[in-house]
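Only one structure is covered here, and it is reproduced in the block below.
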There are 2 protein chains.
Amino acid sequence: MTDIKPGPNPLFLREAELRQAIEMLFFAYRDFTSEPDQILAQYGFGRAHHRVIYFVGRHPGITVSELLAILAITKQSLSRVLGQLVGEGFIEQRPGERDRRQRLLELTDRGRALERRLTENQRSRIARAFREAGAEAVEGFHRVLLNIIDECNRGRFDRRETLAAGTTGTEGATGAEGATGTEGAGLESAASRR
Amino acid sequence: MTDIKPGPNPLFLREAELRQAIEMLFFAYRDFTSEPDQILAQYGFGRAHHRVIYFVGRHPGITVSELLAILAITKQSLSRVLGQLVGEGFIEQRPGERDRRQRLLELTDRGRALERRLTENQRSRIARAFREAGAEAVEGFHRVLLNIIDECNRGRFDRRETLAAGTTGTEGATGAEGATGTEGAGLESAASRR
DNA sequence: CCATATATGTCAACATGACTGACATAAAAC
DNA sequence: GTTTTATGTCAGTCATGTTGACATATATGG
């Protein structure tokens, strides 16, 4: 009873540990999204807009299909928010070069500004948490979180790809290629889902 | 720390690391909730019902106010789902002893069965992730996640309390007291919020 | 005892973001 | 030249959140 786990019942402790993790995920995700939500409200946007802005910013030149695969929502749902974002000048569309049916998506300057404003918030929250928890904890955080994610979605977090995305640099015209490569695996599973 | 980051630009890597964490939270939370969502759909329920069932199960005898403070939604929103759960026999209400205005909430057998079914799913996902990541990683996971949570909500995860909840055992008639004690701090902040 | 505060419930209206189903168009592919 | 694919769109529904106003029962403090 003095310190931790002189335990009367290790199963109870394990139970408590799992329950705690469940609740921490709930509170962490809620707190993590609440500040951006407030910013978005100023623009008349919601969390759905944030997700679109985020992933378009992350994968410049992404196609609508790829975006749908990442978000795992219907095209009708995406259409509403994407339409607003394009209409209000946060996102630009341009036809694909090889396949002119595609509408490649990209942030405008205005979109990039909003993206920075929104993500900056979350980034600093994470950065603070990482700093306070220490490098070793960060490693464990990654490892556990990755294992919580469905196996079919873990491909998005391959060591190679993420680092590559950061080091290939420009992120401009080549973005489409990068996005296609990154989301290839995910596309299939999501496509089969709906 | 030794063999990682031979990197060309430590700022880029840090950027990538933060971005990766943001995305992992997104995917992890989505995958984490999707299976329970499917089960809930069979009952005509949604995620909101899950949250109510979960926290009532976790704090038997909890008051409506306390539940509102945890969920951080309006009483009108809660009323709808709570009304359904009571109406369909998943949750029971009884007047408070000291304060008869209160409606103390408790799961019925039926409610407990659903709670188990729902949470079992998430618990095994977390358990698997913990097992595959290792004890050290779990420690880091906890530390980081706790730091992501708003400071005012971290009180819910005091070492003492969680373990106490696990070791006090019975979780029956004494639940009301336990719940009141556990959520006391959180109540104020949320109460002042709306 | 009466006035006020608190715990809870309820009605009504609305916004967001998801869903399904059906249909349309342009371009690619075979 | 038919079929498939990428995308868009119309129309309706549902779940879950919101605000605002008001009702009721009980507690609490002069």
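These numbers come from the heavy atoms of this one structure, side chains and all, not from hydrogens, waters or symmetry mates. First the proteins, then the strands, lettered A, B, ... as listed; each starts at 1.
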Quiz item: Would you say D:dT5 has OP1 or OP2 under 4.0 Å from some side-chain N or O of A:R103?
Solution: no
Self-check item: Sequence neighbours excluded, every pair satisfying side chain to side chain donor-acceptor pair (under 3.5 Å) that has a member inside residues 124-134 of chain A
Solution: A:E35-A:R125, A:R125-B:D150
Self-check item: Donor-acceptor side-chain pairing of B:Y29 and A:R30 below 3.5 angstrom
Solution: no
Quiz item: Are any of B:R80's side-chain N or O atoms less than 4.0 Å away from OP1 or OP2 of C:dC11?
Solution: no
Quiz prompt | Nearest-nucleotide comparison on DNA chain C, the residue closer to the 5′ end among A:H49 and B:S79 | solution = B:S79
Quiz item: OP1, OP2 of D:dG17 versus side-chain N and O of B:T74: anything below 4.0 Å?
Solution: no
Exercise. Run the ring-centre check on A:F32 versus B:F26 and record whether the distance is less than 6.0 Å.
Key: no
Practice problem: Classify every nucleotide of nucleotides 23-30 of chain C by which part a protein heavy atom approaches to under 4.0 Å, writing B for the base, S for the sugar-phosphate alone and - for neither, in 5'-to-3' order. | Solution: ---BBS--
Quiz item: Does a salt bridge link A:R110 with A:E88, judged by any charged N lying under 4.0 Å from a carboxylate O?
Solution: no
Exercise. Tell me what B:R47 touches on the nucleic acid: a base, only sugar-phosphate, or nothing, going by heavy atoms under 4.0 Å.
Key: sugar-phosphate
Quiz item: Do other residues, nucleotides or ligands put more than 12 heavy atoms under 6.0 Å from the CD atom of B:E136?
Solution: no
Quiz item: Charged N to carboxylate O under 4.0 angstrom, B:E15 versus A:R123?
Solution: yes
